[in-house]
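Notes for the one structure printed next.
Here is how names work: the chains are called A, B, and so on, in the same order as the sequence lines, proteins then strands, and each is numbered from 1.
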Amino acid sequence: MKYHAVKGTRDFYPRDMAIRNWIVDAWRRVSLRNGFEEYDGPIFEYLDLFRAKSGEGIVSELFHFTDRGERELAIRPEMTPTLARMIAAQAASLPRPIKWFSVPRLCRAERPQRGRLREFFQWNADIVGTDDVLADAECIFVVLDFFREVGLTPQQATLKINSRSLLAALLAARGFAPDRHAEIYTVLDKRDKLPPEVYAEKLESVVRTPAERSDLECMIQAHGAGGLDEVAELARGNEAAEAEIERLRELFKLLAAMGVADYCTFDMSIVRGLAYYTGVVFEGFGQGALRRAICGGGRYDQLLTVVGGPPMSGLGFGTSDVVMLDLLNEFGLLPAEAGVSKHVDFQVIDAAGDQSHVVLRIVAELRRAGHCAEFSYRRGNLGKQLKQAAGQGAKWAVIVGDEYRQRQALAVKNLGTGEQVERSMDSFLADPVGQPAATP
RNA sequence: GUGAGUGUAGCUCAGUUGGUUAGAGCACAAGGUUGUGGUCCUUGGGGUCGCGGGUUCGAAUCCCGUCACUCACCCCA
């Protein structure tokens, strides 16, 4: 072939499209029942919007171009800047809390690899305009509501939770100036994602003395059931840290009240790579062969000010279709029906070969009534047409043949059970799916 | 941008120490079958063996280059 799909992009043939819709529908269903409203924005934005949020370094990771009006634009690599821009523009008039979700198509100019492509779909849900811990709980619940919706158990997927505020308070008490925190976070985030030697090397480059490093390691390894108590020991007398620990305890109680505590653990090593997180941070992990992060999110305080809006606290999360489908496949949680791209209710068959006008009349009326009705361009040859009907999963076959010629009747066959009854044209069209009275 | 691996039909893959016209299964199509489906049988279409060059009497096979894909690194919003 001369042309093929560009590196890192996918063609969605009907089966693939059905699977994509299956997961997007689940995201949408879960979002809506959690009280979120859907929004969307343009697929490209000013390049500066992304520079403002992520810095100059982001540019090489973007697909960007200059339009004929010399505007520097970029295809969106994430949704959050657009969300911030949209909320900032109408911040004064939006009712709080702002609970919005979106399933944007995003593009990043990265080298593709397992779970990461150059074009993908991402589910984002954010709660903006409040710093209430109830919002933290609700946002995290949405993720776990989705896990349960698709059948992911706490043995298959978990959510690790931490707090940037807590980290900041503990770091400050150890003499790390606030302007050093960001680079320390970036390294800490890699603790469980890099080989130990590589991580150690990176840590040395930002934390000079061995004493500081072992202190940090001691702090960061707190996790699990007793993790918060361990940290509370370390934080004794540190007011800011103690307050945040209390907030986390409350968060875990709320998650327990919502019945999703089984999925959640406290873990001080979760810090997220992203610079703008300021409060609670969390990351989901698959517990199978691919033990990678499958979703992540957190609270941010300065996001809107970056785009010129008023200060507003919020939190949100994101996850991609690529990594989520990998995970669901791994656990066999993608049902066969997910890939079904055509749902035929009635296959109307011209058994005689000269009844096209009758077949099309029936087909048109069924379609008008909202049913999916199909017919074959092949006329006559009942066997082949039934085969075709079965091949595309039709529920019923409606046969126009001898009984129609003799007494205007149709043979209606249930392709699931093989049962076949004769019905008059009028009774069938009046109630196609209903069980008919006994044949006259 | 760096490194490794893999490229044969739409898909999954065979293909002997280099040897004659490159195969199978699945999928697709036609027929067996002019009123009863998923099975079965027969047949068919579909390939510049990723591309270019080299070695050789002869290359899918060996060598070099190149491109694509996959995986890992970098990065991660």
Check salt bridge (charged side-chain N to carboxylate O under 4.0 Å, His left out) between A:Arg51 and all other residues, then give those that pass, not counting sequence neighbours.
A:Asp48, A:Glu56, A:Glu72
Could you give the distance separating [M] and [N] at their [atom1] atoms, to the nearest angstrom?
N	M	atom1	result
B:U43	B:G7	C1'	32 Å
B:G19	B:C62	P	11 Å
B:A27	B:U39	P	8 Å
B:U8	B:U61	P	13 Å
B:G45	B:G10	P	15 Å
B:C11	B:G47	P	13 Å
B:A59	B:G44	C1'	30 Å
B:A4	B:U20	C1'	38 Å

Given [options], the nucleotide with the shortest approach to the side chain of [X]:
X	options	value
A:Arg116	B:C74, B:U36, B:G38	B:C74
A:Pro112	B:U70, B:G37, B:U36	B:U70
A:Glu110	B:C75, B:U36, B:G38	B:C75

Under 3.5 Å side-chain donor-acceptor pair for A:Asn124 and A:Ser102
no
Can you give each donor-acceptor pair under 3.5 Å made by side-chain atoms of residues 347-354 of chain A, sequence neighbours left out, with the distance rounded to 0.1 Å?
from, atom 1, to, atom 2, distance (Å)
A:Gln347, OE1, A:Gln392, NE2, 3.1
A:Asp350, OD1, A:Ala352, N, 3.3
A:Asp350, OD1, A:Gly353, N, 2.8
A:Asp350, OD1, A:Gln355, N, 3.3
A:Asp350, OD2, A:Asp354, N, 3.4
A:Asp350, OD2, A:Gln355, N, 3.1
A:Asp354, OD2, A:Arg405, NH1, 3.4

Is any side-chain heavy atom of [X] less than 4.5 Å from a side-chain heavy atom of [Y]?
X	Y	answer
A:Cys372	A:His343	no
A:Gln385	A:Arg379	no
A:Val59	A:Leu47	yes
A:Thr186	A:Val271	no

Is [X] touching bases, backbone alone, or none of the nucleic acid, heavy atoms closer than 4.0 Å?
X	value
A:Ala389	nothing
A:Lys413	base
A:Glu403	base
A:Ile58	base
A:Gly418	base

Got a salt bridge between A:Arg174 and A:Glu212, using NZ or NE/NH1/NH2 to carboxylate O under 4.0 Å?
no
Counting only heavy atoms not in A:Phe252, do more than 12 sit closer than 6.0 Å to its CZ atom?
yes
Can you tell me the distance, in whole Å, between the [atom1] atom of [X] and the [atom2] atom of [N]?
X	N	atom1	atom2	value
A:Glu283	B:C76	CD	P	13 Å
A:Lys7	B:A68	NZ	C1'	8 Å
A:Tyr277	B:C76	OH	P	13 Å
A:Arg15	B:C11	CZ	C1'	12 Å
A:Asp350	B:U36	CG	C1'	15 Å
A:Lys395	B:G37	NZ	C1'	17 Å

Applying the salt bridge (Lys or Arg N to Asp or Glu O under 4.0 Å) criterion to A:Arg299, which one of A:Asp126, A:Asp132, A:Asp136, A:Asp131 satisfies it?
A:Asp136
Just the table, please: protein N/O against nucleotides 29-31 of chain B N/O, every pair under 3.5 Å.
from, atom 1, to, atom 2, distance (Å)
B:A30, OP1, A:Arg378, NH2, 3.2
B:A30, OP2, A:Arg378, NH2, 3.4

Does A:Lys160 make a cation-pi contact with A:Phe285, if we ask for NZ or CZ under 6.0 Å from the ring centre and within 45° of the axis?
yes
Bracket string, RNA chain B, 5' to 3' - pairs by Watson-Crick or G-U geometry under 3.5 Å, | interstrand
(((((((..((((.....[...)))).(((((.......))))).....(((((..]....))))))))))))....
Sequence-aligned protein contact record of nucleotides 1-10 of chain B, with B where the base is within under 4.0 Å of a protein heavy atom and S where only the sugar-phosphate is:
BBB-------
Start at the 5' end of RNA chain B and walk down; is the nucleotide closest to A:Glu78 or to A:Ala5 reached first?
A:Ala5
Side chains of residues 23-37 of chain A: which donor-acceptor pairs under 3.5 Å do they make with residues two or more places apart or in other chains?
from, atom 1, to, atom 2, distance (Å)
A:Arg28, NE, A:Glu38, OE1, 2.9
A:Arg28, NE, A:Glu38, OE2, 3.3
A:Arg28, NH2, A:Glu38, OE2, 2.7
A:Arg29, NE, A:Glu149, OE2, 2.8
A:Arg29, NH2, A:Glu149, OE2, 2.8
A:Ser31, OG, A:Trp27, O, 2.7
A:Ser31, OG, A:Trp123, NE1, 2.9
A:Arg33, NE, A:Asp145, OD2, 2.9
A:Arg33, NH1, A:Glu149, OE1, 3.0
A:Arg33, NH2, A:Asp145, OD1, 3.2
A:Arg33, NH2, A:Asp145, OD2, 3.3
A:Arg33, NH2, A:Glu149, OE1, 2.9
A:Asn34, ND2, A:Val30, O, 2.8
A:Asn34, ND2, A:Asp145, OD2, 2.9

With A:His371, which of A:Phe346, A:Phe428, A:Trp396 fulfils ring-ring contact (aromatic ring centres under 6.0 Å, His included)?
A:Phe346
Under-4.0 Å side-chain N/O to phosphate OP1/OP2 contact, A:Gln113 with B:C71:
no
Is there a side-chain contact between A:Gln385 and the phosphate of B:G37, meaning an N or O under 4.0 Å from OP1 or OP2?
no
